[in-house]
Amino acid sequence: MDKNEKVNELARRRGFLWPAFELYGGAAGFFDYGPLGAPLKRRIEDIWRQFFVIQEGFAEIEAPTIGVEGIYQASGHLSGFSDPLTSCKECKEIYRADHLIKHIVEVPDALTNEEIYRTIQENEIGCPECGGELSTVYEFNLMFKTMIGPGNKMTGYLRPETAQGMFINFPRLLRHFRDSLPFAAVQIGKSYRNEISPRQGVIRLREFTQAEAEIFIDPRDKTHPRFAEIKEIKMKFYSQAAQETGTEEEMTFGEAVERGVVAHQMLAYYVARTYQFLLAVGVSPDKMRFRQHKADEMAHYAADCWDAEVFLDRLGWIEIVGVADRTDFDLKAHAATSKVNLSVFVHYDRPKKRQKIVVKPDFKALGPRFKGKAKAVAEALKALPPEKLQGDKITVLVDGESIEIEPSLVSCETVEEEVRGEEIIPHVIEPSFGIDRILYTVLDHSYYEDAVDGETRAVLRFKPAVAPIEVAVLPLMDREELIVPAKKILEELRIRGLRVDWDTSGSIGRRYRRNDEVGTPYEVTVDYETLELGTVTIRDRDSMQQVRVAIEEVADTLQSLLSGKVKFLEAGTLVVPAKEK
RNA sequence: GCGGCUGUGGUCCAGCGGUUAUGACAUGGGCUUCCCAAGCCCGUAACCCGGGUUCGAAUCCCGGCAGCCGCACCA
């Protein structure tokens with residue numbers, strides 16, 4: 001068994017990840033989070049909230065997972081996310097139908113599926129592999145389609161990303177943030193993509209969890225006020241240029257922006273925050289890098305994009321987070337499709353004075369002469385550039401009719417005007433996290449094996465902040481006199497809000513191993529010294545060392561250990577193992 | 001979606017036309033004042049699903065589903 005298999009097997013056996021619908025034969029691309037997987041995922045999400053909602057002050061919202069058609073017309077997912085396919089009736093091979101007629105039709109995208117099929121027939125195009133006859137063209141869209149309400153009146157789609165929920169709430173979010181930039185909204189939730197062939201467990205799912213932030217910024221100012229805080233952090237950058245040579249470059253964020261490796265502070269800052277978050281949940285820095293998208297792989301909406309990639313045994317480098325500069329693509333698209341203005345009025349620091357020529361048509365004269373058309377003529381006059389108002393005759397075009405007017409009917413005036421600001425469409429920086437992939441990475445990067453007395457010990461070295469079980473309380477033996485004080489400790493720890501497990505089954509060594517395997521950082525053992533001296537032992541998962549502390553202090557000590565305030569060997573008196581005595 | 005390989009208790013595996021379906025580990029109960037998967041006793045627990053061939057199918061054939069590997073796909 002290689003490591004990947006071991007991790008998967010452990011995850012299945014111990015209740016982290018279960019293939020879904022097993023009772024009914026299963027379906028690829030769906031997983032259940034078991035009793036340990038669900039809290040692990042929840043804790044990862046909570047750390048994400050800590051970083052992006054609490055520390056950055058972003059607003060968390062929750063939008064429906066089913067969206068109406070208009071959203072995905074605007075976002076490009078209806079057209080860009082779906083491909084016209086055709087298959088060979090002989091060898092069953094599947095092709096992109098539009099690709100087959102590229103050399104005949106200049107813009108195959110503009111054709112309907114029927115038209116593409118007709119083109120294939122008219123030009124007698126056969127299967128490129130075997131020459132067989134091709135089937136009619138059908139649409140394969142990666143979005144799950146459903147119906148809203150009875151009948152077929154309204155089409156709904158399961159959202160392929162959470163991002164659109166933030167974009168379409170832009171006007172309300174803007175108001176929430178009192179009409180000023182920058183601001184950001186986030187969502188953690190399920191997204192759905194009907195993948196053609198999902199594989200590799202939780203790496204490619206049909207239903208998955210995303211955590212996305214949409215940070216709306218003023219496009220003219222891509223600096224970040226807190227850039228100084230992250231600028232000394234060093235990380236592995238794998239830029240477009242570096243990919244030519246195939247070696248990542250280690251440098252600070254400050255250097256990366258100075259050298260133009262990362263386009264601007266805004267993008268760099270969120271790449272850095274992403275990096276810090278991934279470290280916090282337990283992704284190994286040695287097996288992580290940030291790779292810049294190449295120009296040709298950039299998504300249809302992105303101007304620049306940096307992916308956090310992690311190295312997984314057998315799978316290689318896998319993308320787990322994308323941090324993209326989506327520019328104003330989405331807001332512009334939604335503004336155009338919905339016909340709602342999605343710009344922000346940005347005030348200047350100081351109102352600007354501007355000279356402006358105001359054209360004043362003489363309505364008293366124009367009215368009687370042009371009657372109903374007078375207004376249109378006046379508008380046309382106002383629209384003319386100042387130089388056209390000179391000369392003997394002024395010519396305007398109204399409803400295709402050329403009309404001549406003598407200059408005396410129009411007066412021009414130069415006025416000084418105060419301009420207080422301007423309408424802009426914000427740009428969007430989007431860090432987009434694949435929670436399932438991150439969780440799998442945490443499992444993979446936490447997995448260790450060491451040898452204890454010639455036996456292999458499997459350990460998940462979770463950070464205490466993500467461990468599904470933080471403490472196990474273990475009576476040395478399953479005996480009444482040890483169980484009573486142990487239960488008291490269990491209750492107290494639970495009242496403190498710790499995630500505690502209780503286990504009396506099997507020898508103490510067996511119970512330590514069981515907990516090592518699910519990543520429990522600390523075990524409290526109640527033994528006969530507890531009865532004599534009122535102390536218990538706390539065992540450290542990684543070093544397997546034990547310290548003794550008084551019963552009254554055990555809850556405080558554990559909390560200090562879990563939060564990292566106290567080092568293990570300083571938490572109590574080191575216990576010398578029996579065989580060394 | 002195509003092709004190849006695979007599918008037996010929770011896990012790993014034996015059985016390859018007739019067995020009360022083998023075993024190990026894990027797990028539950030009991031014994032053992034027992035700090036790193038010890039020992040002994042007892043127990044729970046499986047042939048992926050559906051058809052077919054056959055007197056008889058876990059075993060052979062077909063289809064489905066799932067997993068792995070290649071190809072394609074991955075906005």
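Throughout, a chain's letter reflects where its sequence line sits, starting with A, and its residues are numbered from 1. Every heavy atom of this structure was used, including side-chain atoms; hydrogens, water molecules and symmetry mates were not.
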*For B:U53, give its Watson-Crick or G-U wobble partner with both distances under 3.5 Å, or none.*
none
_Nearest to the side chain of A:E455, heavy atoms from C-beta on, is which of B:A37, B:G67, B:C73?_
B:A37
_Nearest-0.5 Å distance, CD1 of residue A:I538 to CG of residue A:L558_ = 4.0 Å
*Reckon A:R511 touches a base, only the sugar-phosphate, or nothing at all at heavy-atom distances under 4.0 Å?*
nothing
*If you measure from the C1' atom in B:C12 to the same atom in B:G4, how many Å do you get, rounded?*
24 Å
*What nucleotide, of B:C35, B:A37, B:G1, holds the atom closest to the side chain of A:R548?*
B:C35
*Side-chain donor or acceptor of A:Q243 paired with backbone N/O of A:S239 under 3.5 Å*: yes
_A:R539 side-chain N/O to A:V524 backbone N/O, donor-acceptor pair under 3.5 Å_ = no
_Distance, rounded to the nearest Å, where A:F21 contributes CZ and B:C65 contributes C1'_ = 13 Å
*Rounded to whole angstrom units, what separation is found between the CD atom of A:E481 and the C1' atom of B:C34?*
13 Å
*asked:* Return whichever of A:T525 or A:G201 has its heavy-atom-nearest nucleotide of RNA chain B closer to the 5' end.
replied: A:T525
*B:A26 to B:A38 separation - C1' atoms, rounded to the nearest Å*: 16 Å
*Determine the interatomic distance between C1' on B:G23 and the same-named atom on B:U19; round to the nearest Å.*
15 Å
_Toward the 5' end of RNA chain B, by each residue's nearest nucleotide, A:R479 or A:A458_ = A:R479
*Side-chain donor-acceptor pair under 3.5 Å between A:D516 and A:Y448, yes or no?*
no
*Determine the contact category for A:D527: base if any of its heavy atoms lies under 4.0 Å from a base atom, sugar-phosphate if only primed atoms, P, OP1 or OP2 are that close, otherwise nothing.*
base
_Distance check needed: B:G28 P versus A:D478 CG, whole Å only._
11 Å
_Measuring to OP1 and OP2 of B:A26, would you say a side-chain N or O of A:R510 lies under 4.0 angstrom away?_
yes
*asked:* Just to be sure I understand the rule, does A:R457 reach a base, reach only the sugar-phosphate, or reach nothing, if contact means heavy atoms closer than 4.0 Å?
replied: nothing
*Expressed in angstrom and rounded to an integer, what is the separation of A:R199 atom CZ from B:G1 atom P?*
12 Å
_Nucleotide forming a Watson-Crick or wobble pair with B:C47, both distances under 3.5 Å_ = none
_Side-chain donor/acceptor contact of A:Q546 with base of B:C35 under 3.5 Å_ = yes
_B:G28, OP1 or OP2 - any side-chain N/O from A:S505 closer than 4.0 Å?_
yes
_Need the pair for B:G28. Rule: Watson-Crick or G-U wobble, both distances under 3.5 Å, any strand; none if unpaired._
B:C42
*Using the C1' atom on both, measure B:G3 against B:A37 and round to a whole Å.*
44 Å
_Nucleotide forming a Watson-Crick or wobble pair with B:G3, both distances under 3.5 Å_ = B:C69
_Atom-pair distance (CD1 on A:I203; P on B:C69), nearest Å_ = 12 Å
*Roughly how far apart, to the nearest Å, are B:G51 and B:A21 at atom C1'?*
24 Å
*A:E9 near the nucleic acid: base, sugar-phosphate alone, or nothing, with a heavy-atom cut-off under 4.0 Å?*
sugar-phosphate
*After noting the C-alpha distance and the side-chain angles of A:F170 and A:F216, does the key distance pass the ring pair (Phe, Tyr, Trp, His ring centres under 6.0 Å) rule?*
CA-CA 9 Å; A:F170 178 77; A:F216 297 96; 5.0 Å; yes
*Expressed in whole Å, how much space separates the P atoms belonging to B:G63 and B:U20?*
33 Å
*Contact class for A:I508 vs. all strands (heavy atom < 4.0 Å): base, sugar-phosphate, or nothing?*
sugar-phosphate
*asked:* I need the single residue from A:D330, A:D328, A:L331 that forms a side chain to side chain contact (heavy atoms under 4.5 Å, CB included) with A:H427. Which is it?
replied: A:D328
_Rounding to an integer number of Å, can you tell me how far A:Y528 OH sits from B:C34 P?_
9 Å
*asked:* If you go through the side-chain atoms of A:Y24, does one of them form a donor-acceptor pair with the base of B:C49 closer than 3.5 Å?
replied: no
*A:T162 and A:E212: side-chain donor and acceptor closer than 3.5 Å?*
yes
*Donor-acceptor pair (no angle test) under 3.5 Å: A:R14 side chain, B:G10 base*: no
*Provide the distance between the two C1' atoms, one in B:U54 and one in B:U11, to the nearest whole Å.*
35 Å
*Report the distance from atom CD of A:E529 to atom P of B:C34, rounded to the nearest whole Å.*
14 Å
_Please name the nucleotide paired to B:A58 by Watson-Crick or G-U wobble geometry with both distances under 3.5 Å, or report none._
none
*When the ring planes of A:F568 and A:Y522 are compared, do they come out parallel, tilted or perpendicular, using 30° and 60° as the limits?*
parallel
*Can you find a side-chain donor-acceptor pair between A:Y447 and A:E449 that sits under 3.5 Å?*
yes
*What about A:R314: does its side chain form a donor-acceptor pair under 3.5 Å with the base of B:C68?*
no
*Less than 3.5 Å between a donor and an acceptor, one on the side chain of A:R539 and one on the base of B:C36, is that the case here?*
yes
_A:E5 CD to B:U6 P, straight-line distance once rounded to whole Å_ = 16 Å
*Taking the side chain of A:S197 as heavy atoms from C-beta outward, which of B:G1, B:U11, B:A37 is closest to it?*
B:G1
*Taking atom P in both B:G18 and B:C68, what distance in whole Å separates the two?*
33 Å
*A:A28, nearest nucleotide to its side chain (from B:C73, B:G67, B:C35)*: B:G67
*With both distances kept under 3.5 Å, what pairs with B:C35, Watson-Crick or G-U wobble?*
none
*asked:* OP1 or OP2 of B:C34 versus the side-chain N and O atoms of A:S507: is any pair under 4.0 Å?
replied: no
